[in-house]
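Residue numbers start from 1 in every chain, and the chains themselves are labelled A, B, ... in the order their sequence lines are given, proteins ahead of strands. A quick note: this is a predicted structure, and the numbers were derived from the prediction, not measured.
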Protein chains: 2
Amino acid sequence: MSTPERLIESTRELLWERGYVGTSPRAIQQRAGAGQGSMYHHFKGKPELALAAIRRSAEERQALAEERFSGPGTAVQRVADYLRRERDVLRGCPIGRLTQDPDVVADQTLRQPVADTFEHLTGRLTAVLTEGQALGQLDPELDPADTAATVVAVLQGGYVLARAADSVEPFRRATEGAIALLAARELRPRR
Amino acid sequence: MSTPERLIESTRELLWERGYVGTSPRAIQQRAGAGQGSMYHHFKGKPELALAAIRRSAEERQALAEERFSGPGTAVQRVADYLRRERDVLRGCPIGRLTQDPDVVADQTLRQPVADTFEHLTGRLTAVLTEGQALGQLDPELDPADTAATVVAVLQGGYVLARAADSVEPFRRATEGAIALLAARELRPRR
DNA sequence: GTCTATACTACGATAGAC
DNA sequence: GTCTATCGTAGTATAGAC
């Protein structure tokens, strides 16, 4: 891997683990096996490097979600698949994490990819739910956009609860609870 | 207010705004209007001060939640009241925020009050839902513990979405979506 | 109790040699 | 492109005077 590439990847890992304030240029260089001068040759500084890292993580996250949304099954099944996807729950969400970083949230440029990711996620979920209603799988009374936001929030909140408890159990409960609530709104296929 | 008191309050504010890594003894002293020597006279250092601050915020949070849970109304109404409580959404949750701080999560002593808060919250919500079932207000098929975790997660995730979007709108959608899902499980009173 | 002085490390970056 | 030197500021604390 090239040096800029290694720097970006190291930054991604560190942002995930320690956030923006907790990530120093020094730490990035060490993890990337690059020197001081090397880093500042390829990037203007910490903010520029962080932006590259955040953008990449955001794209990755959106692609990962897409895999599940475009899978087989009814609307509820696809949402359930998304919520049950294998996740490294205790590590938390590399994107959601950044919302707790005042320096990221305060900087329009750094916040944008984070905002985009959640908008994209919510939008795709809304589409899945709307489609489910159109196919007669799902109660038409359900508000797709609100419900989509609920699903994404359960996921993000599940990470929070899991890290607080140092256990995946609350995450599992939260997601299964949401799936059950959603499943209750499924319609029987009329034949 | 006494000096130790002012130091704790300043630490609470800073932990909320900037997290553990982002909060320096210097900043605490300045906000509290206390000198270097003064702070180290009353507290051994940053971790001890943080512990006092986190404990206080955790207690405050639990008390605030209790107000809603012990209010009037059906189970669903009380949960809805809790979710709709006035909140400074864009500031985020002072407790949930700490789960993104690796130094807090890694330290058993600092993490404990955070874990306690969410356990207490989930436990009380579980009780409210169980009571609702016992009173015939709520579908007995609903799993109270899972659903309680879902509700707390929606709240925490709602903060994340709101901060990402720099808008309270996703928070509102997520909570209203959850309330609607829950309301659909209410039973009509038989008379 | 509070203040000032002092200490050492890390942060975040620039300069200039190679 | 990468390295080393250097820089000024902040982090986190201790020591000792008042």
Q: Measure the distance from CE on A:Met39 to C1' on C:dT14 and round it to the nearest whole Å.
A: 12 Å

Q | Evaluation steps, side-chain contact (heavy atoms from CB on, under 4.5 Å), between B:Asp103 and A:Arg18 | A | CA-CA 9 Å; B:Asp103 293 350; A:Arg18 310 202 38 84; 3.6 Å; yes

Q) Just how far, in rounded Å, is C1' of D:dT12 from OH of B:Tyr20? A) 10 Å

Q: Look at the side chain of B:Tyr40 and decide which nucleotide, out of D:dA13, C:dA13, C:dG12, has an atom nearest to it.
A: D:dA13

(Q) Checking contacts here: which listed nucleotide (D:dA13, D:dG11, C:dG1) is nearest the side-chain heavy atoms of B:His41? (A) C:dG1

Q: Check the distance between D:dT2's P and A:Phe43's CZ and give it to me in whole angstrom.
A: 11 Å

(Q) Can you confirm whether B:Arg26 is buried at CZ, in the sense that more than 12 heavy atoms of other residues, nucleotides or ligands lie under 6.0 Å from that atom? (A) no

Q: Kindly say if A:Thr3 contacts the phosphate of D:dG1, meaning a side-chain N or O under 4.0 Å from OP1 or OP2.
A: no

Q | Side chain of B:Ser38 (C-beta onward), nearest among C:dC11, C:dC3, C:dT14 | A | C:dC3

Q: Send over the distance from B:Leu7 CG to C:dT2 P, rounded to a whole Å.
A: 9 Å

(Q) Exactly one of B:Thr126, B:Thr122, B:Asp146 should register a side chain to side chain donor-acceptor pair (under 3.5 Å) with A:Arg173. Which one does? (A) B:Asp146

Q: Return the value, rounded to whole Å, for the distance between atom CD of A:Gln36 and atom C1' of D:dA5.
A: 11 Å

Q: Grab the CD-C1' distance between B:Gln29 and C:dG1 for me, whole Å please.
A: 15 Å

Q. If you look at every heavy atom in B:Gly158 and B:Phe171, which pair is closest and at what distance?
A. C-CD1, 3.4 Å

Q.
Taking any heavy-atom pair under 4.0 Å as a contact, classify A:Arg26: base, sugar-phosphate, or nothing.
A. sugar-phosphate

Q) Reckon A:Gly35 touches a base, only the sugar-phosphate, or nothing at all at heavy-atom distances under 4.0 Å? A) sugar-phosphate

Q) NA contact type, B:Thr23, heavy-atom cut-off 4.0 Å: base, sugar-phosphate, or nothing? A) sugar-phosphate

